[in-house]
Amino acid sequence: MTVRVRFAPSPTGYLHVGGGRTALYNWLFARHAGGTLILRSDDTDVARSTQEYYDDIVDSMRWLGLDWDEGIEAGGPHEPYRQSARLERYREAAAALVASGAAYYSFETPEQLDEFRREAQQAGKPPAYDGRFRLADDEARSRFEAGAAAPVRFAVPRPGETTFEDVVRGEVRFDHVQVDDFVILRSDGSPTYHLASTVDDFDFRITHVVRGEDLLSSTPKHILLTHALGGTPPAYAHLPLLMGPDGSKLSKRHGHTAINAYRTDGYLAEAVRNYLAILSWSPGTDEEIVSLADMVERFDLGGVSKSPAVFDVTKLEWMNGVYIRDLSVDEFVDRALPFVEEELGRSLAANERDEFARVAPLVQERTKLLTEIGPQVRFLFGDIGYDETSWDKVMTKAGAKEAVIGALSRLAAADPWDTTTIETTLRELLDELELSARKGLQPLRVAVTGSSVSPPLFESIEALGRERTLARLEAASARM
RNA sequence: GGCCCCGUCGUCCAGCGGCCUAGGACUCCGGCCUUUCAAGCCGGCAACGCGGGUUCGAAUCCCGUCGGGGCCA
């Protein structure tokens with residue numbers, strides 16, 4: 001049997017990290033098994049679905065490097081892959097279920113439903129509606145044909161229970177007293193999530209449904225529906241939920257939850273992907289940095305953790321740093337450039353790019369987020385504003401001014417202008433002034449870069465060039 | 001409230017009856033290196049929720065309890 005899985009987000013919000021992880025696990029499972037991944041748009045909620053969110057989901061998937069074989073934007077034998085274009089199919093399915101007796105037109109009044117619920121509550125029983133006020137089929141049918149609007153409910157077999165083997169959780173059992181005669185088609189003819197999703201999984205020949213644990217208790221409904229549709233239910237795998245640092249379900253108040261926010265914040269797709277993979281699953285080794293190929297080779301749904309995982313940005317950040325340092329210099333420059341230009345508010349000229357490329361290796365090893373690069377190299381590309389805290393801390397110390405002035409005259413004569421000569425020259429100055437490296441070099445750093453934190457000084461000075469370096473030393477000494 | 005799921009360091013993951021005086025990673029704290037900041041290296045703190053069983057032996061199996069989460073209301 002060929003594995004066919006689907007990722008089916010609703011375009012009612014940006015793709016968030018939980019969705020990203022679900023997408024990733026579906027992708028890994030499909031690729032490991034040599035199966036097919038389908039991307040479906042569950043956009044039956046027309047009021048809340050937007051093109052912007054749809055685009056974001058597609059973009060985020062692509063950014064993460066998760067490709068799909070069938071679905072929206074890709075096409076395939078089961079087109080269309082957007083639920084909003086399949087409404088007729090859901091109505092047909094509902095009608096067929098009514099015809100077969102698996103579902104019924106529901107004429108229960110709100111009062112009856114309330115009454116049921118109240119009684120159940122009082123008796124300490126589950127508030128799941130059991131269909132007791134259901135009309136005789138012929139009466140319901142004639143009322144419906146006479147034009148009365150009614151939702152369609154699924155007739156859950158009672159008594160009964162549904163048991164299934166969840167791929168990550170093992171055997172799960174639900175007594176049908178817990179499952180209400182759920183609505184599958186609203187009175188306005190729109191399908192509910194349960195119907196649309198189940199019909200699609202059936203029509204698209206989905207073999208494994210890999211989704212979040214929040215859908216676990218809906219699974220009996222989907223299994224019952226699939227059987228009534230004449231199908232064999234797929235295997236289900238429910239992934240543990242992602243939580244915020246406070247232990248509650250991850251949400252916007254925990255900070256960034258949209259995948260795209262991580263992109264703009266300077267995270268690398270491969271780091272986000274790796275972190276997400278490692279969050280609820282382990283490759284089975286002590287190594288946590290795992291190549292995509294290894295992930296695909298080792299991935300196993302059965303090895304997915306059952307307990308919810310806290311999304312820890314700090315660890316993601318660390319991992320991002322690891323991936324950044326792992327980039328080739330050329331790659332690093334390519335990825336960094338947009339962020340540098342963003343920081344400067346302008347694009348870099350060709351010669352400026354070369355300058356950047358020269359200091360890139362130095363910057364690369366001290367970067368955790370691509371957004372940190374701009375501030376580090378800003379001094380190369382325009383006026384520097386002195387960081388006042390740095391200034392106060394460094395430039396007011398004894399010997400600071402002497403160091404700046406001494407550097408000014410010595411550097412004017414340094415030849416050739418390279419890191420070695422610059423270092424030799426400045427160390428001679430330190431000896432002469434009897435200043436420690438720390439005391440003597442920090443003022444130069446602030447003078448040249450504007451901050452007490454910067455890439456290594458001698459290289460930075462070389463990259464800046466003689467002319468600008470002298471100008472900066474001049475300006476600083478005038479200010480001291 | 002009902003049902004379902006989950007429970008190993010602060011966090012993530014390993015452990016699937018003896019290899020565990022519980023391992024790795026992030027964070028944190030020391031130290032080394034050092035022109036700042038990083039990176040790197042070395043070292044340290046830190047957990048099997050609790051109570052009963054089963055067993056020669058339990059983090060690992062069973063029951064209960066407590067706690068957390070989800071769904072429905």
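Each chain gets a letter, A, B and so on, in the order its sequence line appears, and its residues count up from 1. As the structure is a prediction and not an experimental result, all values here were calculated from the model.
- Note on A:Asp175 versus A:Arg173: no salt bridge recorded, every NZ/NE/NH1/NH2 to OD/OE distance being 4.0 Å or above.
- Within the 4.0 angstrom heavy-atom criterion, no nucleotide atom of any strand lies near A:Ser390.
- Sorted by first and then second residue, the side chain to side chain donor-acceptor pair (under 3.5 Å) pairs with a member in residues 397-407 of chain A form an empty list; sequence neighbours excluded.
- At B:U34, none of the side-chain N or O atoms of A:Arg438 fall inside 4.0 Å of OP1 or OP2 (strictly under the cut-off).
- Within 4.0 Å (heavy atoms only), A:Glu288 reaches at least one base atom of the nucleic acid.
- A:Pro455 comes within 4.0 angstrom of a nucleotide base, judged by non-hydrogen atoms across all strands.
- Contact annotation for A:Ser280: backbone-only contact, meaning every heavy-atom pair under 4.0 Å involves sugar-phosphate atoms and none involves a base.
- Within the nucleic acid shown, A:Pro126 comes within 4.0 Å of sugar-phosphate atoms alone, with no base atom in reach, counting heavy atoms only.
- At least one test fails for A:Arg325 against the ring of A:Tyr323: distance under 6.0 Å to the centre or angle within 45° of the axis.
- Listed pair A:Arg325 / B:G40 meets the phosphate criterion, a side-chain N or O lying under 4.0 Å from OP1 or OP2.
- The side chain of A:Arg117 contributes no N or O atom lying less than 4.0 Å from OP1 or OP2 of B:G2.
- A sub-4.0 Å separation between OP1 or OP2 of B:C13 and a side-chain N or O of A:Ser305 is present.
- Here A:Ser307 lies in heavy-atom contact (under 4.0 Å) with sugar-phosphate atoms only.
- Not a single donor-acceptor pair, N or O on each side, falls under 3.5 Å between the base of B:C5 and the side chain of A:Arg169.
- Between the P atom of B:U27 and the CZ atom of A:Phe311 lies a distance of 15 Å, rounded to the nearest Å.
- Counting any heavy atom pair closer than 4.0 Å across all strands shown, A:Thr314 reaches sugar-phosphate atoms only and no base atom.
- Taking the centre of each ring, A:Phe299 and A:Tyr25 come in below the 6.0 Å mark.
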